[in-house]
Amino acid sequence: MAESHPVQLSGVKEDDNFERDLQEMLDDGPSLNEIGSTVQGGTPNSMSASYSGPYGSAKTDGGTSSQATSNIPLSSPQSNGDFVPKSMSASAHSKLESIKDWSVNTFKCTRQLLSERFGRGSKTVDLEMEGKIEGLRDTQRKYANVLRLSRLLTQHYYHVVQTQRLLGESFSELAQKSPELQEEFRYNSETQTALVKNGEILLSALNFFTSSVNTLCNKTMEDTLMTVRQYESARLEYDAYRNELEQLQLGPRENAVSSRVEESKRRFEDHKIKFEKLRADVNIKLQFLEENKVKVMHKQLLLFHNAISAYFSGNAAALEATLKQFNISLKRPNAEKPSWIEQ
């Protein structure tokens, strides 16, 4: 690590001389109170003074002040001629400090990330935690695939039910217009109507299944993964400030460096507390997620199996019993919406 030395700027001495000369000029000049008394009451030597500005022109002669001079606004010496509210100045200062801290933190984390990618920097690794997180991401990918296929299956069955409904209506119409084939068209129409009824029950079960899997995959798991991303970001910050502190501690023992070491140590402790808190939060959420996943999928897989088995075996009673077992309400496409009293 290269040693850092203070850099002397060539213009520092000239700036100090300029500021000292300027201060002496201001001390030697008249104060604003003296200027105000001169404009309003005149000078003992009856000097004449004139003013021309946005309020018009005014002239004083022999100690007599015009009415227009009282409208001349005097600037505050603390604002250097510009009126700046104290609250606005404090707010701007706070924003600048926050932008500065954000920029420094982003730079350090980017440097740490690049050093890890190129294998030059040390990284804090929790093998047990990393295994759980990778397992969660793999589980989410597999559940997302199950969700995609179940939605596709539901969509196909929806089109099958719609086709069966139209076919049954066509058979019923032909039964009325074809006396010689009336009986054949009629029982085919009744068969398609029964299939439509069972298909609507199956669609209700499939919609309930896909909705539950979607909630588990895209809400429950995603909420845990959001905490995981916060944990990984905190880990990166923790390592960035840890490596910086280690480099400073290996440097020369000077007063300026010692103050930097203390400041770096304070920031490192803050990020360490944040990192450990998020690690504990991830552990708790992973445990609760595993318990919730087993409970939810046990119910949903049982529903899926019973509904599919009853539908393809033609057992309408078992299919309806499945919906009642899992408290699923049947929603028919042409059914009217219940009134607000029923809801």
Side-chain angles (χ1 to χ4, degrees), residues 1-4 6 87 89-141 215-295:
M1 172 179 168
E3 296 182 0
S4 58
S87 59
S89 177
S91 175
H93 179 72
S94 176
K95 289 181 179 179
L96 288 175
E97 288 295 327
S98 63
I99 293 174
K100 178 183 175 182
D101 293 340
W102 176 83
S103 301
V104 172
N105 187 71
T106 303
F107 170 75
K108 292 180 180 180
C109 292
T110 304
R111 182 178 60 184
Q112 174 66 23
L113 181 61
L114 292 176
S115 64
E116 291 177 3
R117 292 288 176 86
F118 290 104
R120 298 176 180 176
S122 60
K123 175 183 177 181
T124 302
V125 178
D126 188 337
L127 296 179
E128 183 180 359
M129 177 72 71
E130 295 294 330
K132 291 180 180 179
I133 293 174
E134 185 58 33
L136 172 59
R137 289 189 170 124
D138 183 62
T139 301
Q140 188 189 39
R141 286 192 294 267
T215 301
L216 178 63
C217 181
N218 294 325
K219 292 184 179 180
T220 308
M221 290 184 180
E222 189 61 30
D223 176 71
T224 304
L225 286 174
M226 184 179 299
T227 307
V228 168
R229 286 190 285 271
Q230 294 175 356
Y231 158 76
E232 291 174 342
S233 177
R235 197 278 309 162
L236 187 65
E237 293 177 349
Y238 166 77
D239 283 335
Y241 284 91
R242 176 181 59 80
N243 288 327
E244 181 189 50
L245 178 60
E246 291 175 354
Q247 292 177 3
L248 288 175
Q249 288 176 342
L250 294 176
R253 299 295 181 179
E254 299 178 358
N255 293 333
V257 176
S258 298
S259 61
R260 289 182 58 190
V261 169
E262 293 299 324
E263 178 65 19
S264 179
K265 185 180 296 184
R266 183 185 64 81
R267 292 180 178 272
F268 166 72
E269 292 296 333
D270 293 340
H271 285 87
K272 181 180 179 181
I273 294 173
K274 178 182 177 182
F275 168 66
E276 292 178 348
K277 179 181 181 302
L278 284 170
R279 179 164 56 182
D281 292 344
V282 170
N283 270 322
I284 294 174
K285 285 199 171 186
L286 286 173
Q287 181 180 354
F288 286 163
L289 175 62
E290 185 64 24
E291 296 174 358
N292 187 35
K293 181 191 68 175
V294 173
K295 185 184 301 183

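Using a cut-off of 4.0 Å between Lys/Arg side-chain N and Asp/Glu carboxylate O, E244 and R267 are scored as not salt-bridged. We find that E222 and R229 are joined by a salt bridge, their nearest charged nitrogen and carboxylate oxygen being less than 4.0 Å apart. Using a 4.0 Å cut-off between charged side-chain N and carboxylate O, R242 and D239 make a salt bridge. The pair E263-R266 meets the salt-bridge criterion, with a side-chain N (NZ, NE, NH1 or NH2) lying under 4.0 Å from an Asp/Glu carboxylate O. A salt bridge links R141 with E134: the closest approach of a Lys/Arg side-chain nitrogen to an acidic carboxylate oxygen falls below 4.0 angstrom.
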Handout entry: Audit row: K219, D223, salt bridge (charged side-chain N to carboxylate O under 4.0 Å, His left out) steps and yes/no
Key = CA-CA 6 Å; K219 292 184 179 180; D223 176 71; over 6 Å; no
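Taking the side chain as every heavy atom from C-beta outward, K277 and D281 approach each other to under 4.5 Å. L278 places none of its side-chain heavy atoms less than 4.5 Å from the side chain of R235.
Distance check: N292 CG to M221 CE gives 9.0 Å after rounding to the nearest 0.5 Å. Of the inter-residue distances, the one linking K285 atom NZ with L136 atom CG reads 11.5 Å to the nearest 0.5 angstrom. A distance of 13.0 Å separates CZ in F268 from CD in E237, rounded to the nearest 0.5 Å. With values rounded to the nearest 0.5 angstrom, N243 atom CG is found 6.5 Å from Q247 atom CD. With rounding to the nearest 0.5 Å, the separation of CG in L245 from NE2 in H271 is 12.5 Å. Rounding to the nearest 0.5 angstrom, the gap separating the OH atom in Y238 from the CG atom in D270 is 13.0 Å.
Every residue was checked against the salt bridge (Lys or Arg N to Asp or Glu O under 4.0 Å) condition with E276, not counting sequence neighbours, and none meets it. E128 meets the side-chain contact (heavy atoms from CB on, under 4.5 Å) test with D126, K132; sequence neighbours excluded.
The side-chain contact (heavy atoms from CB on, under 4.5 Å) test with Q140 singles out one residue from L225, T220, L216, T224, and that residue is L225.
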